[in-house]
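FYI, the numbering just counts along the sequence from 1. These numbers come from the heavy atoms of this one structure, side chains and all, not from hydrogens, waters or symmetry mates.
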Amino acid sequence: MEQPGSSRGSMDTKLKSDIAESAVTTELLKRSFRVLRPVGDRLSYDLGIDLEGKLVRIQVKRAWYNKRARYYTVDARRTKTNRRRMLRQCYKASDFDFAIIYIADLNVFYVMPQSVFSSYESTIAFVETDKRQRKPKSAEYKERWDLLSDGLICR
């Protein structure tokens, strides 16, 4: 039986999500945001921040590396699984205000408004190399922490 903390084996999806949420929480705290953590996972968002008394809801996603395509990617849909199948649904505008995508290998964050995140129908590409001539649309959201505070003005 494998012991907790053992380096053998690979991490499951839930553990990777927990690590991403912790990384995003830590980064938000470093940037002086007041972070709220819901109890359980029944809400449509993972974290909240209190901006001048207003709740800003954050959906956290962890990107993975697509070796064949040579870029990081994340699914822009909600994924629910049960023993028989995996269900994917598009997020609604009322589910969250911002998505923060974490690339663990590089300790890089992308901050996207919900409308931008949900405009992708399935996956979002994050190119982290300078060898590509044209960057994808997602590049403009790299480390855009300022959008969280600006989002208060736009509501």
Side-chain angles (χ1 to χ4, degrees), residues 4-5 11-66 69 71-82 86-130 132-155:
M11 290 187 276
D12 64 27
T13 304
K14 182 65 178 150
L15 179 56
K16 289 177 182 178
S17 296
D18 290 344
I19 291 168
E21 285 181 31
S22 293
V24 169
T25 298
T26 300
E27 192 64 26
L28 287 166
L29 290 170
K30 285 180 182 178
R31 294 171 180 277
S32 300
F33 286 101
R34 294 180 299 227
V35 181
L36 310 166
R37 294 191 75 149
V39 175
D41 58 1
R42 291 175 295 283
L43 297 174
S44 59
Y45 56 93
D46 299 310
L47 300 171
I49 55 175
D50 178 337
L51 282 179
E52 299 175 21
K54 303 282 186 199
L55 172 66
V56 176
R57 300 161 302 156
I58 309 287
Q59 176 64 43
V60 176
K61 293 287 186 176
R62 183 183 191 276
W64 66 90
Y65 190 68
N66 182 328
Y71 56 71
Y72 290 88
T73 189
V74 71
D75 197 332
R77 299 168 292 181
R78 170 185 289 129
T79 303
K80 292 185 179 183
T81 58
N82 64 26
M86 183 183 300
L87 301 171
R88 290 196 167 106
Q89 297 175 323
C90 292
Y91 285 101
K92 298 179 291 198
S94 61
D95 287 338
F96 57 90
D97 302 306
F98 287 90
I100 299 180
I101 298 89
Y102 177 57
I103 300 177
D105 300 345
L106 306 173
N107 198 39
V108 168
F109 302 87
Y110 286 77
V111 181
M112 289 185 169
Q114 190 281 338
S115 60
V116 173
F117 183 84
S118 293
S119 70
Y120 292 87
E121 293 186 7
S122 58
T123 59
I124 305 172
F126 301 93
V127 177
E128 290 296 319
T129 178
D130 291 330
R132 189 171 175 156
Q133 286 186 336
R134 194 178 68 156
K135 295 276 187 190
K137 180 179 138 184
S138 62
E140 65 187 85
Y141 298 99
K142 185 175 183 176
E143 304 291 347
R144 289 296 310 276
W145 300 99
D146 59 300
L147 295 176
L148 295 173
S149 296
D150 292 349
L152 185 61
I153 297 165
C154 298
R155 294 175 92 190

Under a 4.5 Å cut-off applied to non-hydrogen side-chain atoms, are [X] and [Y] in contact?
{"X": "Ile124", "Y": "Met112", "result": "yes"}
{"X": "Leu28", "Y": "Trp145", "result": "yes"}
{"X": "Asp97", "Y": "Gln114", "result": "no"}
{"X": "Glu143", "Y": "Phe109", "result": "yes"}
{"X": "Ile49", "Y": "Arg34", "result": "no"}
{"X": "Ile101", "Y": "Phe117", "result": "yes"}

Would you call Lys14-Asp12 a salt bridge at under 4.0 Å N-O? no
Salt bridge or not for Arg144 and Asp146, using N-O below 4.0 Å? yes
Stepwise side chain to side chain contact (heavy atoms under 4.5 Å, CB included) check, Tyr45 with Ile58: CA-CA 6 Å; Tyr45 56 93; Ile58 309 287; 5.9 Å; no
Where do [X] and [Y] come nearest, in terms of heavy atoms and distance?
{"X": "Ser119", "Y": "Val116", "result": "OG-O, 2.6 Å"}
{"X": "Ala20", "Y": "Tyr102", "result": "CA-CD2, 3.7 Å"}
{"X": "Val60", "Y": "Asp46", "result": "N-OD2, 2.8 Å"}
{"X": "Phe126", "Y": "Val74", "result": "CE1-CG1, 3.4 Å"}
{"X": "Ser138", "Y": "Tyr120", "result": "N-OH, 3.6 Å"}
{"X": "Asp75", "Y": "Trp64", "result": "N-CH2, 3.6 Å"}

Mind checking the [atom1]-[atom2] spacing from [X] to [Y]? Nearest 0.5 Å is all I need.
{"X": "Tyr91", "Y": "Arg77", "atom1": "OH", "atom2": "CZ", "answer": "10.5 Å"}
{"X": "Asp18", "Y": "Arg62", "atom1": "CG", "atom2": "CZ", "answer": "11.5 Å"}
{"X": "Leu43", "Y": "Gln59", "atom1": "CG", "atom2": "CD", "answer": "10.5 Å"}
{"X": "Phe33", "Y": "Leu51", "atom1": "CZ", "atom2": "CG", "answer": "6.0 Å"}

Might you work through the side chain to side chain contact (heavy atoms under 4.5 Å, CB included) test for Arg37 and Thr25, ending with a clear yes or no? CA-CA 9 Å; Arg37 294 191 75 149; Thr25 298; 3.8 Å; yes
Evaluate side chain to side chain contact (heavy atoms under 4.5 Å, CB included) for Lys92 paired with Ser44, printing each intermediate quantity in order. CA-CA 9 Å; Lys92 298 179 291 198; Ser44 59; over 6 Å; no
Asn66: what forms a side-chain hydrogen bond (donor to acceptor under 3.5 Å, both in side chains) with it, not counting sequence neighbours? none
Can you sort out the partners of Lys142 under side-chain contact (heavy atoms from CB on, under 4.5 Å), two or more places apart, ordered by chain and number? Val108, Tyr110, Glu128
Which residues satisfy the side-chain contact (heavy atoms from CB on, under 4.5 Å) test with Arg42, sequence neighbours excluded? none
Would Ile100 and Leu47 satisfy side chain to side chain contact (heavy atoms under 4.5 Å, CB included), going step by step from the backbone distance to the final call? CA-CA 10 Å; Ile100 299 180; Leu47 300 171; over 6 Å; no
